[in-house]
Chemist: 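Please find one structure pasted underneath; my questions will follow.
The shown structure was predicted, so the numbers you read here are calculated from the model rather than taken from an experiment. Naming: A, B, ... by sequence-line order, numbering from 1 per chain.
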Protein chains: 2
Amino acid sequence: MMAQFKPYKSKRSFEEISNEIKTHIFQGLLKPGDKLPPETEIAHQFNVSRQTIREAMRILEQCGFITIQQGVNGGPLIVDTILNRLGKLFIDIFHFKKISPNELTEARFDIEKVMLHHVIDRADDSDLEGLTKNVRRAKEKIKNNKSPFGENIAFHKLLAGASKNYVYVIVIEAIMAVVSDFHSKLEKVNFERSRKITKYHEDILEAIIERNLERSVSLFEKLLVEVRAVMLGQ
Amino acid sequence: MMAQFKPYKSKRSFEEISNEIKTHIFQGLLKPGDKLPPETEIAHQFNVSRQTIREAMRILEQCGFITIQQGVNGGPLIVDTILNRLGKLFIDIFHFKKISPNELTEARFDIEKVMLHHVIDRADDSDLEGLTKNVRRAKEKIKNNKSPFGENIAFHKLLAGASKNYVYVIVIEAIMAVVSDFHSKLEKVNFERSRKITKYHEDILEAIIERNLERSVSLFEKLLVEVRAVMLGQ
DNA sequence: TCACATTTGTCCGTATGTATC
DNA sequence: AGATACATACGGACAAATGTG
């Protein structure tokens with residue numbers, strides 16, 4: 001049987017238009033910070049109706065390439081919130097597929113532990129400084145009896161950056177979005193556990209500064225125990 | 001300074017409507033295979049205009065929750081193409097962030113190697129059967145002088161399934177989408193390398209059946225060399 | 001503070017294309 | 001082949017938001 005050539009699906013103008021604009025972004029002709037003309041103007045340029053443009057905007061918005069503001073000087077603005085969108089999609093997937101906290105935690109730490117190899121090899125002074133500041137801020141929050149949750153999440157994103165492999169940045173960003181979403185639905189957050197987690201972060205950072213892979217991985221194992229408990233609401 | 005409370009952004013009806021429908025899907029009130037009423041009917045039910053519904057549909061489409069068909073008995077259909085959408089978004093990210101094939105390959109094999117631990121532990125007969133069939137199909141294609149590329153990609157997705165951790169399924173699905181996209185833009189595919197890759201897959205499968213972690217990981221290292229070469233267009 | 005201009009958000013009516021029966 | 005049902009697309013209108021003078 002011959003290959004079936006599908007009609008490339010897109011007979012839909014709004015799809016072609018959103019793809020066109022995407023291409024412009026990929027080629028750097030449109031950069032974050034640039035403004036698109038108002039809907040009516042875009043519609044005029046593409047010679048389509050405003051409705052068609054609006055549907056194209058919905059797609060670009062959903063991809064994280066534009067935000068839209070009303071009013072004078074408003075209109076579509078090119079932005080880079082694509083990792084944000086990825087996080088949202090991950091959250092959707094986890095809801096839809098009903099993935100357990102245990103699965104998430106297992107895979108997360110698996111991945112972070114192999115990532116740690118690269119961090120130990122490649123973290124530079126700027127990375128270490130960022131991590132140090134992160135831990136300091138977390139400890140201050142604890143002193144003030146506030147939850148260091150935001151900082152604890154950020155710690156792992158900073159680690160991903162220090163791996164110098166952007167794929168890890170993407171994957172960890174997505175996973176951490178799910179972790180955050182999960183936590184936001186927990187009734188109580190055990191403060192003592194949060195304190196312990198920050199303490200482990202401090203120790204892990206120390207091990208990284210010493211370029212001590214073995215110790216950092218072993219500390220990660222201990223961290224895993226705490227995080228797993230938190231994820232189970234204990 | 002007091003905390004700034006943003007107006008939760010969504011005063012936009014199409015957003016609220018798409019969220020409403022999403023919630024129905026998450027709660028299982030709408031399942032893949034179910035059909036939504038036509039636009040006019042949905043518009044009537046929500047008491048909004050058709051344009052508003054159309055924009056909500058664009059969002060749901062982009063999330064991978066619905067497809068839309070024209071014609072009699074057409075309309076919005078609940079589907080589960082969310083992993084597909086994730087792959088597309090990953091491809092966008094890789095284009096946008098201009099991530100190198102080397103980064104992708106490094107992280108990919110890091111992750112697959114730790115995943116392999118779980119595969120060795122947890123793969124059941126059905127998994128092994130699926131993998132066996134996959135390798136058989138790939139070898140047949142090679143015999144017929146066809147590229148086994150599709151099967152080679154599928155091999156890794158099957159491995160992810162055999163890890164019994166759905167997080168790996170998601171991550172590998174996303175990564176493989178990027179790999180496929182990358183390959184589709186390569187001019188020539190070195191047939192000899194494809195043959196070697198399939199051969200390694202066969203050996204890896206054998207090692208998994210023997211529950212031989214060490215051997216399977218070491219074979220993965222060799223596979224990495226071949227894949228890296230392909231990714232560099234060599 | 002108060003208009004005013006700009007731009008998105010939303011509505012209605014209508015016409016056209018497309019797939020199914 | 002023709003009728004039906006649905007999405008796609010157009011044009012015009014008004015409301016709501018937002019920055020400017």
Side-chain angles (χ1 to χ4, degrees), chain A residues 4-22 30 32-79 81 85, chain B residues 4-22 30 32-79 81 85:
Chain A
Q4 293 244 350
F5 293 107
K6 283 189 184 171
Y8 185 58
K9 177 157 192 186
S10 173
K11 278 176 315 309
R12 313 199 285 183
S13 358
F14 60 80
E15 226 166 19
E16 285 176 9
I17 288 173
S18 68
N19 280 332
E20 174 89 14
I21 296 178
K22 256 196 206 177
L30 288 170
D34 292 351
K35 273 174 61 175
L36 260 52
E39 289 172 356
T40 44
E41 172 61 19
I42 307 180
H44 183 255
Q45 287 183 24
F46 279 107
N47 194 29
V48 297
S49 76
R50 220 184 120 210
Q51 161 150 0
T52 303
I53 296 302
R54 283 185 63 79
E55 296 184 31
M57 294 298 114
R58 294 292 87 74
I59 292 176
L60 293 172
E61 214 175 28
Q62 206 61 21
C63 294
F65 286 129
I66 64 170
T67 57
I68 289 169
Q69 279 199 334
Q70 278 190 350
V72 180
N73 289 344
L77 176 72
I78 308 283
V79 292
T81 60
R85 282 293 148 187
Chain B
Q4 293 246 349
F5 292 107
K6 283 189 185 172
Y8 185 59
K9 177 159 192 184
S10 172
K11 274 176 317 315
R12 313 199 285 183
S13 358
F14 60 80
E15 226 165 19
E16 285 176 9
I17 288 172
S18 69
N19 280 332
E20 174 89 13
I21 296 177
K22 257 196 206 177
L30 288 170
D34 292 351
K35 274 174 60 176
L36 260 53
E39 288 174 356
T40 43
E41 172 61 19
I42 307 180
H44 182 256
Q45 286 183 23
F46 280 107
N47 194 29
V48 296
S49 77
R50 279 188 58 233
Q51 162 138 8
T52 302
I53 296 302
R54 284 185 63 77
E55 295 184 30
M57 294 298 114
R58 293 293 86 75
I59 292 176
L60 293 173
E61 216 175 27
Q62 205 61 22
C63 293
F65 286 130
I66 65 169
T67 57
I68 288 168
Q69 280 199 333
Q70 281 187 349
V72 179
N73 288 342
L77 175 72
I78 308 282
V79 291
T81 61
R85 281 293 148 187

Chemist: Do A/R58 and A/I68 have side chains that approach each other closer than 4.5 Å (heavy atoms only, starting at C-beta)?
Modeler: yes
Chemist: Would you call A/M57 and A/I21 a side-chain contact if the rule is heavy atoms closer than 4.5 Å?
Modeler: yes
Chemist: Take atom CZ of B/R12 and atom P of C/dT7, then tell me their distance rounded to the nearest Å.
Modeler: 17 Å
Chemist: Could you check whether B/E39 gets within reach of a base, just the sugar-phosphate, or nothing at all, counting any heavy atom under 4.0 Å?
Modeler: base
Chemist: Examine C/dT8: is either OP1 or OP2 under 4.0 Å from a nitrogen or oxygen in the side chain of A/R54? Give yes or no.
Modeler: no
Chemist: Pick base, sugar-phosphate or nothing for B/P37, based on heavy-atom distances below 4.0 Å to the nucleic acid.
Modeler: nothing
Chemist: In whole Å, I'd like the distance from the CZ atom of B/F14 to the P atom of C/dT8.
Modeler: 12 Å
Chemist: Whole angstrom is fine here: how far is it from CD in B/E41 over to P in D/dA7?
Modeler: 11 Å
Chemist: In terms of the nearest nucleotide of DNA chain C, which residue is placed more toward the 5' end: A/P76 or B/G74?
Modeler: A/P76
Chemist: What does the B/S/- profile of nucleotides 10-21 of chain D look like, 5' to 3', with a 4.0 Å heavy-atom cutoff to protein?
Modeler: B--B---BBBS-
Chemist: Can you check the A/L77 CG to C/dT8 C1' distance for me, whole Å?
Modeler: 14 Å
Chemist: Looking at A/G33 and A/L77, what are the two nearest heavy atoms and their distance?
Modeler: O-CD1, 3.4 Å
Chemist: In whole angstrom, what separates B/I53's CD1 from C/dG9's C1'?
Modeler: 14 Å
Chemist: Is the shortest heavy-atom distance from the side chain of A/Q62 to the side chain of B/C63 under 4.5 Å?
Modeler: yes
Chemist: Quickly work out the A/R58 CZ to D/dT8 P distance and round it to whole Å.
Modeler: 16 Å
Chemist: Ignoring hydrogens and geometry, is there a side-chain-to-backbone donor-acceptor pair from A/T52 to A/F14 under 3.5 Å?
Modeler: no
Chemist: Considering non-hydrogen atoms only, spot the tightest contact between B/A56 and B/S18 and give its length.
Modeler: O-CB, 3.9 Å
Chemist: May I have the list of side-chain donor-acceptor pairs in residues 35-42 of chain A shorter than 3.5 Å, sequence neighbours left out?
Modeler:
from	atom 1	to	atom 2	distance (Å)
A/K35	NZ	A/N73	O	3.1
A/E39	OE1	A/R50	NE	2.8
A/E39	OE1	A/R50	NH2	3.0
A/E39	OE1	A/R54	NH1	3.4
A/E39	OE2	A/R54	NH1	2.8
A/E41	OE2	A/Q45	NE2	3.0

Chemist: Rounded to whole Å, please give me the gap between CD1 in B/I17 and C1' in C/dT10.
Modeler: 11 Å
Chemist: When the distance from CD of B/E55 to C1' of D/dA9 is rounded to whole Å, what number comes out?
Modeler: 13 Å
